[in-house]
There are 2 protein chains.
Amino acid sequence: MKDSDGGAGHPAPRKRADARRNERTLLDAAAAVFVTSGVEAPVRDIASRAGVGVATIYRHFPTRAALIIAVYRHQVEACAEAGPALLASSASPHAALARWINLFVDFLVTKHGLAAVLQSDDAGFDTLHAYFLDRLVPVCAQLLEAAAVAGEIRSDVDAYELMRGVGNLCIGADNNPRYDARRLVELLISGLRLPR
Amino acid sequence: MKDSDGGAGHPAPRKRADARRNERTLLDAAAAVFVTSGVEAPVRDIASRAGVGVATIYRHFPTRAALIIAVYRHQVEACAEAGPALLASSASPHAALARWINLFVDFLVTKHGLAAVLQSDDAGFDTLHAYFLDRLVPVCAQLLEAAAVAGEIRSDVDAYELMRGVGNLCIGADNNPRYDARRLVELLISGLRLPR
DNA sequence: TAACGATAGGGAACGTTGTTCCGTTTGACA
DNA sequence: TGTCAAACGGAACAACGTTCCCTATCGTTA
(Lines give C-alpha, C1' and ligand atoms only; values in the text may rest on other atoms or scores of the structure.)
Protein backbone atom coordinates (compact mmCIF):
# COMPACT_ATOMS: atom_id res chain seq x y z
CA MET A 1 0.00 0.00 0.00
CA LYS A 2 1.62 3.23 -1.06
CA ASP A 3 0.64 6.61 0.32
CA SER A 4 -1.43 8.37 -2.28
CA ASP A 5 -0.76 11.90 -1.12
CA GLY A 6 -1.18 12.72 2.55
CA GLY A 7 1.59 11.89 4.92
CA ALA A 8 5.30 12.55 5.00
CA GLY A 9 6.11 10.76 1.80
CA HIS A 10 9.74 11.53 1.15
CA PRO A 11 10.11 9.95 -2.28
CA ALA A 12 6.86 11.53 -3.50
CA PRO A 13 7.87 14.89 -5.01
CA ARG A 14 4.21 15.84 -5.37
CA LYS A 15 3.01 16.04 -8.90
CA ARG A 16 2.22 19.22 -10.72
CA ALA A 17 -1.21 20.74 -10.28
CA ASP A 18 -2.34 20.16 -13.87
CA ALA A 19 -1.21 16.56 -13.65
CA ARG A 20 -3.30 15.93 -10.57
CA ARG A 21 -6.26 17.71 -12.12
CA ASN A 22 -5.97 15.60 -15.25
CA GLU A 23 -5.71 12.41 -13.26
CA ARG A 24 -8.98 13.18 -11.54
CA THR A 25 -10.61 14.23 -14.80
CA LEU A 26 -9.46 11.01 -16.41
CA LEU A 27 -10.85 8.87 -13.62
CA ASP A 28 -14.23 10.56 -13.96
CA ALA A 29 -14.21 10.24 -17.74
CA ALA A 30 -13.17 6.60 -17.60
CA ALA A 31 -15.86 5.79 -15.08
CA ALA A 32 -18.48 7.42 -17.29
CA VAL A 33 -17.29 5.71 -20.46
CA PHE A 34 -17.04 2.34 -18.70
CA VAL A 35 -20.70 2.63 -17.78
CA THR A 36 -21.85 3.26 -21.32
CA SER A 37 -19.32 1.34 -23.41
CA GLY A 38 -17.82 -1.19 -21.03
CA VAL A 39 -14.32 -1.44 -19.62
CA GLU A 40 -12.88 -2.23 -23.02
CA ALA A 41 -13.93 1.05 -24.56
CA PRO A 42 -11.39 2.56 -26.98
CA VAL A 43 -8.68 4.63 -25.35
CA ARG A 44 -9.47 7.51 -27.67
CA ASP A 45 -13.02 7.64 -26.40
CA ILE A 46 -11.86 8.08 -22.82
CA ALA A 47 -9.28 10.64 -23.85
CA SER A 48 -11.69 12.76 -25.84
CA ARG A 49 -14.34 12.53 -23.12
CA ALA A 50 -11.75 13.88 -20.69
CA GLY A 51 -10.59 16.47 -23.20
CA VAL A 52 -6.99 15.28 -23.19
CA GLY A 53 -4.67 13.53 -25.62
CA VAL A 54 -4.23 9.79 -25.60
CA ALA A 55 -0.66 10.02 -24.35
CA THR A 56 -1.91 11.63 -21.15
CA ILE A 57 -3.80 8.46 -20.31
CA TYR A 58 -0.72 6.33 -20.75
CA ARG A 59 1.33 8.75 -18.69
CA HIS A 60 -1.01 8.40 -15.72
CA PHE A 61 -2.08 4.81 -16.20
CA PRO A 62 0.55 2.75 -18.00
CA THR A 63 -1.87 -0.07 -18.69
CA ARG A 64 -5.60 -0.31 -19.02
CA ALA A 65 -5.54 -2.57 -16.02
CA ALA A 66 -4.13 0.26 -13.90
CA LEU A 67 -6.94 2.54 -15.02
CA ILE A 68 -9.61 -0.02 -14.25
CA ILE A 69 -8.11 -0.69 -10.85
CA ALA A 70 -8.02 3.02 -10.06
CA VAL A 71 -11.65 3.45 -11.08
CA TYR A 72 -12.98 0.54 -9.02
CA ARG A 73 -10.49 0.47 -6.14
CA HIS A 74 -12.93 1.92 -3.62
CA GLN A 75 -15.64 -0.60 -4.37
CA VAL A 76 -13.25 -3.54 -4.27
CA GLU A 77 -11.90 -2.40 -0.93
CA ALA A 78 -15.42 -2.04 0.42
CA CYS A 79 -16.23 -5.56 -0.74
CA ALA A 80 -13.12 -6.95 0.88
CA GLU A 81 -13.86 -5.21 4.16
CA ALA A 82 -17.44 -6.42 4.15
CA GLY A 83 -16.26 -10.02 4.53
CA PRO A 84 -15.27 -10.01 8.20
CA ALA A 85 -18.19 -7.73 9.01
CA LEU A 86 -20.67 -10.19 7.50
CA LEU A 87 -19.03 -13.05 9.32
CA ALA A 88 -19.58 -11.22 12.60
CA SER A 89 -23.15 -10.18 11.90
CA SER A 90 -24.62 -13.20 10.15
CA ALA A 91 -26.47 -16.08 11.68
CA SER A 92 -24.04 -18.66 10.33
CA PRO A 93 -20.75 -18.71 8.43
CA HIS A 94 -22.50 -20.20 5.43
CA ALA A 95 -25.00 -17.36 5.42
CA ALA A 96 -22.15 -14.86 5.63
CA LEU A 97 -20.42 -16.56 2.72
CA ALA A 98 -23.57 -16.51 0.62
CA ARG A 99 -24.18 -12.84 1.33
CA TRP A 100 -20.59 -11.89 0.65
CA ILE A 101 -20.57 -13.72 -2.65
CA ASN A 102 -23.78 -11.90 -3.51
CA LEU A 103 -22.05 -8.60 -2.84
CA PHE A 104 -19.27 -9.57 -5.19
CA VAL A 105 -21.67 -10.73 -7.88
CA ASP A 106 -23.69 -7.51 -7.60
CA PHE A 107 -20.51 -5.55 -8.07
CA LEU A 108 -19.40 -7.53 -11.10
CA VAL A 109 -22.64 -7.72 -13.03
CA THR A 110 -23.12 -3.96 -12.85
CA LYS A 111 -19.72 -3.29 -14.44
CA HIS A 112 -20.14 -3.84 -18.15
CA GLY A 113 -17.51 -6.28 -19.38
CA LEU A 114 -15.46 -6.31 -16.20
CA ALA A 115 -16.03 -9.97 -15.47
CA ALA A 116 -14.89 -10.92 -18.96
CA VAL A 117 -11.74 -8.87 -18.75
CA LEU A 118 -11.06 -10.26 -15.32
CA GLN A 119 -10.72 -13.76 -16.74
CA SER A 120 -8.94 -12.76 -19.92
CA ASP A 121 -5.55 -14.34 -20.33
CA ASP A 122 -4.29 -11.23 -22.08
CA ALA A 123 -0.98 -10.36 -20.48
CA GLY A 124 -2.01 -6.71 -20.19
CA PHE A 125 -4.60 -7.63 -17.59
CA ASP A 126 -2.32 -9.60 -15.34
CA THR A 127 -2.09 -6.85 -12.75
CA LEU A 128 -5.86 -6.43 -12.72
CA HIS A 129 -6.22 -10.12 -12.21
CA ALA A 130 -3.64 -10.08 -9.45
CA TYR A 131 -5.21 -7.13 -7.67
CA PHE A 132 -8.66 -8.65 -7.47
CA LEU A 133 -7.27 -11.99 -6.42
CA ASP A 134 -4.88 -10.63 -3.81
CA ARG A 135 -7.58 -8.52 -2.27
CA LEU A 136 -10.53 -10.88 -2.36
CA VAL A 137 -9.25 -14.45 -2.24
CA PRO A 138 -8.03 -14.17 1.37
CA VAL A 139 -11.42 -12.84 2.42
CA CYS A 140 -13.15 -15.68 0.63
CA ALA A 141 -10.75 -18.16 2.17
CA GLN A 142 -11.57 -16.87 5.64
CA LEU A 143 -15.30 -17.27 5.04
CA LEU A 144 -14.84 -20.74 3.56
CA GLU A 145 -12.68 -21.79 6.48
CA ALA A 146 -15.25 -20.60 9.01
CA ALA A 147 -18.06 -22.41 7.22
CA ALA A 148 -15.98 -25.57 6.97
CA VAL A 149 -15.12 -25.46 10.65
CA ALA A 150 -18.80 -25.04 11.44
CA GLY A 151 -19.42 -28.20 9.45
CA GLU A 152 -21.67 -26.45 6.97
CA ILE A 153 -19.71 -27.06 3.79
CA ARG A 154 -17.15 -29.46 2.43
CA SER A 155 -13.60 -28.57 3.30
CA ASP A 156 -11.94 -29.33 -0.02
CA VAL A 157 -12.93 -26.11 -1.74
CA ASP A 158 -10.18 -23.79 -2.89
CA ALA A 159 -10.92 -20.08 -2.46
CA TYR A 160 -9.05 -19.13 -5.61
CA GLU A 161 -10.96 -21.61 -7.68
CA LEU A 162 -14.28 -20.55 -6.22
CA MET A 163 -13.61 -16.87 -6.89
CA ARG A 164 -12.62 -17.62 -10.46
CA GLY A 165 -15.74 -19.69 -10.89
CA VAL A 166 -18.01 -17.00 -9.53
CA GLY A 167 -16.30 -14.40 -11.68
CA ASN A 168 -16.76 -16.60 -14.71
CA LEU A 169 -20.43 -17.08 -14.01
CA CYS A 170 -20.87 -13.31 -14.07
CA ILE A 171 -19.65 -12.97 -17.64
CA GLY A 172 -22.35 -11.81 -20.00
CA ALA A 173 -24.83 -11.39 -17.18
CA ASP A 174 -25.63 -7.82 -18.12
CA ASN A 175 -28.44 -7.10 -20.56
CA ASN A 176 -29.41 -10.72 -20.94
CA PRO A 177 -32.78 -11.39 -19.33
CA ARG A 178 -32.46 -15.12 -19.94
CA TYR A 179 -29.22 -15.46 -18.02
CA ASP A 180 -29.22 -14.65 -14.32
CA ALA A 181 -25.76 -15.05 -12.85
CA ARG A 182 -27.11 -14.69 -9.33
CA ARG A 183 -29.24 -17.81 -9.67
CA LEU A 184 -26.35 -19.89 -10.96
CA VAL A 185 -24.00 -18.65 -8.27
CA GLU A 186 -26.59 -19.62 -5.69
CA LEU A 187 -26.67 -23.07 -7.23
CA LEU A 188 -22.90 -23.25 -7.03
CA ILE A 189 -22.85 -22.12 -3.43
CA SER A 190 -25.50 -24.61 -2.46
CA GLY A 191 -23.36 -27.24 -4.16
CA LEU A 192 -20.75 -26.45 -1.53
CA ARG A 193 -22.91 -28.02 1.17
CA LEU A 194 -21.69 -31.24 2.64
CA PRO A 195 -22.99 -34.11 0.55
CA ARG A 196 -25.08 -36.47 2.47
CA MET B 1 -29.92 -28.99 -42.19
CA LYS B 2 -28.71 -28.50 -45.73
CA ASP B 3 -27.25 -31.27 -47.82
CA SER B 4 -23.52 -30.77 -47.96
CA ASP B 5 -22.92 -32.57 -51.24
CA GLY B 6 -24.36 -36.01 -51.72
CA GLY B 7 -27.96 -36.35 -52.75
CA ALA B 8 -30.02 -34.73 -55.42
CA GLY B 9 -29.40 -31.14 -54.42
CA HIS B 10 -30.98 -29.11 -57.18
CA PRO B 11 -29.98 -25.62 -56.11
CA ALA B 12 -26.38 -26.72 -55.42
CA PRO B 13 -24.50 -26.08 -58.68
CA ARG B 14 -21.46 -27.89 -57.29
CA LYS B 15 -18.51 -25.67 -56.69
CA ARG B 16 -15.34 -25.66 -58.71
CA ALA B 17 -12.67 -28.23 -57.90
CA ASP B 18 -10.10 -25.70 -56.70
CA ALA B 19 -12.72 -24.11 -54.48
CA ARG B 20 -13.53 -27.40 -52.80
CA ARG B 21 -9.86 -28.20 -52.42
CA ASN B 22 -9.20 -24.84 -50.80
CA GLU B 23 -12.14 -25.22 -48.47
CA ARG B 24 -10.73 -28.49 -47.21
CA THR B 25 -7.23 -27.02 -46.97
CA LEU B 26 -8.59 -24.08 -45.01
CA LEU B 27 -10.44 -26.30 -42.57
CA ASP B 28 -7.27 -28.26 -41.89
CA ALA B 29 -5.18 -25.13 -41.53
CA ALA B 30 -7.72 -23.51 -39.24
CA ALA B 31 -7.93 -26.59 -37.05
CA ALA B 32 -4.15 -26.66 -36.73
CA VAL B 33 -3.85 -22.96 -35.95
CA PHE B 34 -6.73 -23.12 -33.46
CA VAL B 35 -4.84 -25.76 -31.53
CA THR B 36 -1.67 -23.73 -31.24
CA SER B 37 -2.96 -20.15 -31.13
CA GLY B 38 -6.59 -20.47 -30.09
CA VAL B 39 -9.76 -19.78 -32.01
CA GLU B 40 -9.03 -16.06 -32.13
CA ALA B 41 -5.82 -16.45 -34.09
CA PRO B 42 -5.24 -13.75 -36.73
CA VAL B 43 -6.93 -14.40 -40.05
CA ARG B 44 -3.61 -13.87 -41.82
CA ASP B 45 -2.05 -16.71 -39.85
CA ILE B 46 -4.69 -19.14 -41.01
CA ALA B 47 -4.45 -17.89 -44.58
CA SER B 48 -0.69 -18.21 -44.76
CA ARG B 49 -0.77 -21.62 -43.09
CA ALA B 50 -3.17 -22.73 -45.79
CA GLY B 51 -1.12 -21.04 -48.49
CA VAL B 52 -3.99 -18.84 -49.67
CA GLY B 53 -4.88 -15.16 -49.56
CA VAL B 54 -7.06 -13.70 -46.84
CA ALA B 55 -9.92 -13.02 -49.22
CA THR B 56 -10.21 -16.74 -49.86
CA ILE B 57 -11.08 -17.29 -46.22
CA TYR B 58 -13.83 -14.72 -46.36
CA ARG B 59 -15.17 -16.17 -49.55
CA HIS B 60 -15.60 -19.60 -48.00
CA PHE B 61 -16.43 -18.52 -44.47
CA PRO B 62 -18.04 -15.09 -44.33
CA THR B 63 -17.49 -14.79 -40.60
CA ARG B 64 -15.05 -16.28 -38.17
CA ALA B 65 -18.01 -17.91 -36.49
CA ALA B 66 -18.76 -19.86 -39.66
CA LEU B 67 -15.19 -21.12 -39.78
CA ILE B 68 -15.24 -22.19 -36.15
CA ILE B 69 -18.56 -23.95 -36.62
CA ALA B 70 -17.25 -25.78 -39.68
CA VAL B 71 -14.15 -26.93 -37.81
CA TYR B 72 -15.99 -28.25 -34.77
CA ARG B 73 -19.30 -29.30 -36.29
CA HIS B 74 -18.58 -33.01 -36.09
CA GLN B 75 -17.69 -32.91 -32.42
CA VAL B 76 -20.70 -30.81 -31.51
CA GLU B 77 -22.97 -33.19 -33.35
CA ALA B 78 -21.38 -36.13 -31.57
CA CYS B 79 -21.94 -34.45 -28.23
CA ALA B 80 -25.56 -33.72 -29.04
CA GLU B 81 -26.19 -37.30 -30.11
CA ALA B 82 -24.55 -38.65 -26.98
CA GLY B 83 -27.31 -37.18 -24.82
CA PRO B 84 -30.12 -39.62 -25.55
CA ALA B 85 -27.62 -42.48 -25.65
CA LEU B 86 -26.40 -41.69 -22.15
CA LEU B 87 -29.94 -41.36 -20.89
CA ALA B 88 -30.63 -44.87 -22.13
CA SER B 89 -27.46 -46.43 -20.80
CA SER B 90 -26.99 -44.74 -17.44
CA ALA B 91 -28.19 -45.92 -14.07
CA SER B 92 -30.18 -42.75 -13.46
CA PRO B 93 -31.13 -39.57 -15.32
CA HIS B 94 -28.96 -37.55 -12.98
CA ALA B 95 -25.97 -39.73 -13.75
CA ALA B 96 -26.65 -39.33 -17.46
CA LEU B 97 -26.86 -35.57 -17.03
CA ALA B 98 -23.58 -35.46 -15.12
CA ARG B 99 -21.81 -37.57 -17.71
CA TRP B 100 -23.17 -35.58 -20.61
CA ILE B 101 -22.12 -32.29 -19.03
CA ASN B 102 -18.69 -33.81 -18.54
CA LEU B 103 -18.54 -34.60 -22.22
CA PHE B 104 -19.36 -31.03 -23.05
CA VAL B 105 -16.80 -29.68 -20.59
CA ASP B 106 -14.11 -31.98 -21.95
CA PHE B 107 -14.84 -30.71 -25.41
CA LEU B 108 -14.70 -27.05 -24.39
CA VAL B 109 -11.61 -27.06 -22.24
CA THR B 110 -9.55 -28.70 -24.95
CA LYS B 111 -10.40 -25.96 -27.48
CA HIS B 112 -8.20 -23.04 -26.65
CA GLY B 113 -10.31 -19.92 -26.22
CA LEU B 114 -13.52 -21.44 -27.56
CA ALA B 115 -15.42 -21.08 -24.30
CA ALA B 116 -14.50 -17.40 -24.12
CA VAL B 117 -15.60 -16.69 -27.65
CA LEU B 118 -18.78 -18.63 -27.07
CA GLN B 119 -19.89 -16.14 -24.43
CA SER B 120 -18.58 -13.06 -26.19
CA ASP B 121 -21.26 -10.53 -26.97
CA ASP B 122 -19.46 -9.54 -30.14
CA ALA B 123 -22.07 -9.45 -32.88
CA GLY B 124 -19.80 -11.44 -35.19
CA PHE B 125 -20.16 -14.49 -32.97
CA ASP B 126 -23.93 -14.49 -32.83
CA THR B 127 -24.26 -17.37 -35.25
CA LEU B 128 -21.69 -19.41 -33.34
CA HIS B 129 -23.60 -18.76 -30.17
CA ALA B 130 -26.85 -19.69 -31.83
CA TYR B 131 -25.48 -22.89 -33.33
CA PHE B 132 -24.19 -24.25 -30.05
CA LEU B 133 -27.35 -23.27 -28.24
CA ASP B 134 -29.73 -24.62 -30.87
CA ARG B 135 -27.91 -27.91 -30.99
CA LEU B 136 -27.20 -28.51 -27.32
CA VAL B 137 -29.85 -26.78 -25.25
CA PRO B 138 -32.64 -29.15 -26.32
CA VAL B 139 -30.47 -32.13 -25.39
CA CYS B 140 -29.73 -30.60 -22.03
CA ALA B 141 -33.40 -29.80 -21.52
CA GLN B 142 -34.31 -33.40 -22.19
CA LEU B 143 -31.82 -34.66 -19.61
CA LEU B 144 -32.94 -32.08 -17.06
CA GLU B 145 -36.56 -33.01 -17.63
CA ALA B 146 -35.87 -36.69 -17.12
CA ALA B 147 -33.94 -36.04 -13.92
CA ALA B 148 -36.66 -33.74 -12.63
CA VAL B 149 -39.36 -36.30 -13.36
CA ALA B 150 -37.30 -38.88 -11.52
CA GLY B 151 -37.28 -36.55 -8.54
CA GLU B 152 -33.52 -36.28 -8.51
CA ILE B 153 -33.13 -32.54 -9.10
CA ARG B 154 -35.12 -29.38 -8.66
CA SER B 155 -37.43 -28.61 -11.53
CA ASP B 156 -36.87 -24.88 -11.79
CA VAL B 157 -33.62 -25.08 -13.73
CA ASP B 158 -33.50 -23.57 -17.18
CA ALA B 159 -31.46 -25.53 -19.72
CA TYR B 160 -30.27 -22.40 -21.50
CA GLU B 161 -29.07 -20.86 -18.29
CA LEU B 162 -27.32 -24.03 -17.21
CA MET B 163 -25.51 -24.39 -20.52
CA ARG B 164 -24.37 -20.79 -20.41
CA GLY B 165 -23.18 -21.29 -16.87
CA VAL B 166 -21.24 -24.43 -17.69
CA GLY B 167 -19.73 -22.74 -20.73
CA ASN B 168 -18.72 -19.80 -18.60
CA LEU B 169 -17.07 -22.03 -16.03
CA CYS B 170 -14.89 -23.47 -18.77
CA ILE B 171 -13.35 -20.12 -19.66
CA GLY B 172 -9.65 -19.97 -18.89
CA ALA B 173 -9.59 -23.60 -17.83
CA ASP B 174 -6.76 -24.47 -20.19
CA ASN B 175 -3.17 -24.18 -19.00
CA ASN B 176 -4.11 -23.09 -15.50
CA PRO B 177 -3.30 -25.83 -12.99
CA ARG B 178 -5.00 -23.93 -10.17
CA TYR B 179 -8.35 -23.75 -11.92
CA ASP B 180 -10.18 -26.96 -12.70
CA ALA B 181 -13.43 -26.29 -14.52
CA ARG B 182 -14.53 -29.89 -14.10
CA ARG B 183 -14.51 -29.61 -10.33
CA LEU B 184 -16.59 -26.44 -10.33
CA VAL B 185 -19.05 -27.83 -12.83
CA GLU B 186 -19.46 -30.85 -10.59
CA LEU B 187 -20.21 -28.51 -7.73
CA LEU B 188 -22.78 -26.72 -9.86
CA ILE B 189 -24.42 -29.98 -10.90
CA SER B 190 -24.55 -31.22 -7.36
CA GLY B 191 -26.19 -27.90 -6.48
CA LEU B 192 -29.02 -29.00 -8.76
CA ARG B 193 -30.02 -31.70 -6.32
CA LEU B 194 -33.29 -31.23 -4.53
CA PRO B 195 -32.77 -29.34 -1.30
CA ARG B 196 -34.05 -31.39 1.56
C1' DT C 1 -7.69 -28.54 -78.82
C1' DA C 2 -8.57 -23.65 -78.47
C1' DA C 3 -11.30 -20.02 -76.84
C1' DC C 4 -14.48 -18.03 -73.77
C1' DG C 5 -17.10 -16.64 -69.65
C1' DA C 6 -17.95 -17.23 -65.04
C1' DT C 7 -15.84 -18.63 -60.74
C1' DA C 8 -12.22 -18.15 -57.52
C1' DG C 9 -7.88 -16.31 -55.95
C1' DG C 10 -4.15 -12.97 -54.31
C1' DG C 11 -2.64 -9.16 -52.20
C1' DA C 12 -2.93 -4.30 -51.77
C1' DA C 13 -5.82 -0.89 -49.53
C1' DC C 14 -8.93 0.84 -45.96
C1' DG C 15 -10.72 1.62 -41.20
C1' DT C 16 -10.17 0.79 -36.31
C1' DT C 17 -7.74 -0.10 -32.51
C1' DG C 18 -3.50 0.07 -28.94
C1' DT C 19 0.99 2.21 -28.19
C1' DT C 20 4.98 5.24 -28.74
C1' DC C 21 7.47 9.44 -30.10
C1' DC C 22 8.55 14.23 -30.44
C1' DG C 23 7.97 19.05 -30.68
C1' DT C 24 5.35 22.37 -27.81
C1' DT C 25 3.21 24.18 -23.70
C1' DT C 26 2.92 25.07 -18.88
C1' DG C 27 3.51 24.98 -13.91
C1' DA C 28 6.86 25.65 -10.05
C1' DC C 29 10.48 27.92 -8.19
C1' DA C 30 14.29 31.16 -7.89
C1' DT D 1 10.40 37.42 -14.91
C1' DG D 2 13.25 33.78 -16.61
C1' DT D 3 14.45 29.09 -16.57
C1' DC D 4 13.69 24.14 -16.98
C1' DA D 5 11.85 19.87 -16.00
C1' DA D 6 7.26 18.01 -16.05
C1' DA D 7 3.35 17.33 -18.65
C1' DC D 8 0.74 17.69 -22.85
C1' DG D 9 -1.34 16.89 -27.66
C1' DG D 10 -1.56 14.77 -31.65
C1' DA D 11 0.86 12.68 -35.31
C1' DA D 12 3.04 8.34 -36.36
C1' DC D 13 3.59 3.38 -36.06
C1' DA D 14 2.08 -1.42 -35.76
C1' DA D 15 -1.40 -5.17 -35.73
C1' DC D 16 -5.62 -6.57 -36.75
C1' DG D 17 -10.28 -7.41 -39.42
C1' DT D 18 -12.47 -6.49 -43.72
C1' DT D 19 -13.18 -5.11 -48.53
C1' DC D 20 -11.93 -4.25 -53.34
C1' DC D 21 -10.19 -4.98 -57.78
C1' DC D 22 -7.44 -7.02 -61.02
C1' DT D 23 -5.62 -11.51 -62.46
C1' DA D 24 -5.55 -16.55 -62.88
C1' DT D 25 -7.91 -20.66 -63.33
C1' DC D 26 -11.56 -24.07 -64.12
C1' DG D 27 -15.25 -26.03 -66.84
C1' DT D 28 -17.58 -25.88 -70.92
C1' DT D 29 -18.34 -25.66 -75.78
C1' DA D 30 -17.19 -25.11 -80.69
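Every heavy atom of this structure was used, including side-chain atoms; hydrogens, water molecules and symmetry mates were not. Every chain is numbered from 1 and lettered A, B, ... according to where its sequence line falls, protein lines coming before strand lines. Small disclaimer: the values here were computed from a predicted structure and weren't measured.
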Expressed as a whole number of angstroms, how long is the span from [X]:[atom1] to [N]:[atom2]?
{"X": "Asp122(A)", "N": "dG18(C)", "atom1": "CG", "atom2": "C1'", "answer": "11 Å"}
{"X": "Arg24(A)", "N": "dA7(D)", "atom1": "CZ", "atom2": "C1'", "answer": "19 Å"}
{"X": "Ile68(B)", "N": "dG17(D)", "atom1": "CD1", "atom2": "P", "answer": "11 Å"}
{"X": "Lys15(B)", "N": "dG9(C)", "atom1": "NZ", "atom2": "P", "answer": "9 Å"}
{"X": "Asp18(A)", "N": "dA5(D)", "atom1": "CG", "atom2": "P", "answer": "17 Å"}
{"X": "Phe61(B)", "N": "dG17(D)", "atom1": "CZ", "atom2": "P", "answer": "16 Å"}
{"X": "Asn22(A)", "N": "dT26(C)", "atom1": "CG", "atom2": "P", "answer": "12 Å"}
{"X": "Arg59(A)", "N": "dT20(C)", "atom1": "CZ", "atom2": "C1'", "answer": "11 Å"}

If you check the [X] side chain, which of [options] turns out closest?
{"X": "Val43(B)", "options": "dG9(D), dG10(C), dG17(D)", "answer": "dG17(D)"}
{"X": "Val54(A)", "options": "dA12(C), dA7(D), dT19(C)", "answer": "dT19(C)"}
{"X": "Ala55(B)", "options": "dG10(C), dT20(C), dA8(C)", "answer": "dG10(C)"}

Could you measure the distance from the [atom1] atom of [X] to the [atom2] atom of [Y]? Nearest 0.5 Å is fine.
{"X": "Ile189(B)", "Y": "Arg182(B)", "atom1": "CD1", "atom2": "CZ", "value": "14.0 Å"}
{"X": "His60(B)", "Y": "Lys15(B)", "atom1": "NE2", "atom2": "NZ", "value": "5.5 Å"}
{"X": "Tyr72(B)", "Y": "Glu77(B)", "atom1": "OH", "atom2": "CD", "value": "15.5 Å"}
{"X": "Asn22(A)", "Y": "Leu27(A)", "atom1": "CG", "atom2": "CG", "value": "11.0 Å"}

So, is [X] near the phosphate of [N], with a side-chain N or O under 4.0 Å from OP1 or OP2?
{"X": "Thr56(B)", "N": "dA8(C)", "answer": "no"}
{"X": "Arg44(B)", "N": "dC16(D)", "answer": "no"}
{"X": "Arg16(A)", "N": "dT26(C)", "answer": "no"}
{"X": "His60(A)", "N": "dC8(D)", "answer": "yes"}

Query raised in the report: For DNA chain D, whose closest nucleotide is more 5', that of Ala17(B) or that of Tyr58(B)?
Result: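 Upstream on the strand: Tyr58(B).
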Report task. Could you check Ile69(B) against Leu128(B) for side-chain contact (heavy atoms from CB on, under 4.5 Å), going step by step and ending with a plain yes or no? Result -> CA-CA 6 Å; Ile69(B) 292 174; Leu128(B) 180 65; 3.5 Å; yes
Query raised in the report: Touch check for Ala50(B), heavy atoms < 4.0 angstrom, all strands: base, sugar-phosphate only, or nothing?
Result: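 Since no nucleic acid heavy atom lies under 4.0 Å of Ala50(B), the category is nothing.
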Query raised in the report: Below 3.5 Å, does any donor atom in the side chain of Arg64(A) face an acceptor in the base of dG18(C), or the other way round?
Result: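 For Arg64(A), whose side chain was compared with the base of dG18(C), there is no donor-acceptor pair (under 3.5 Å).
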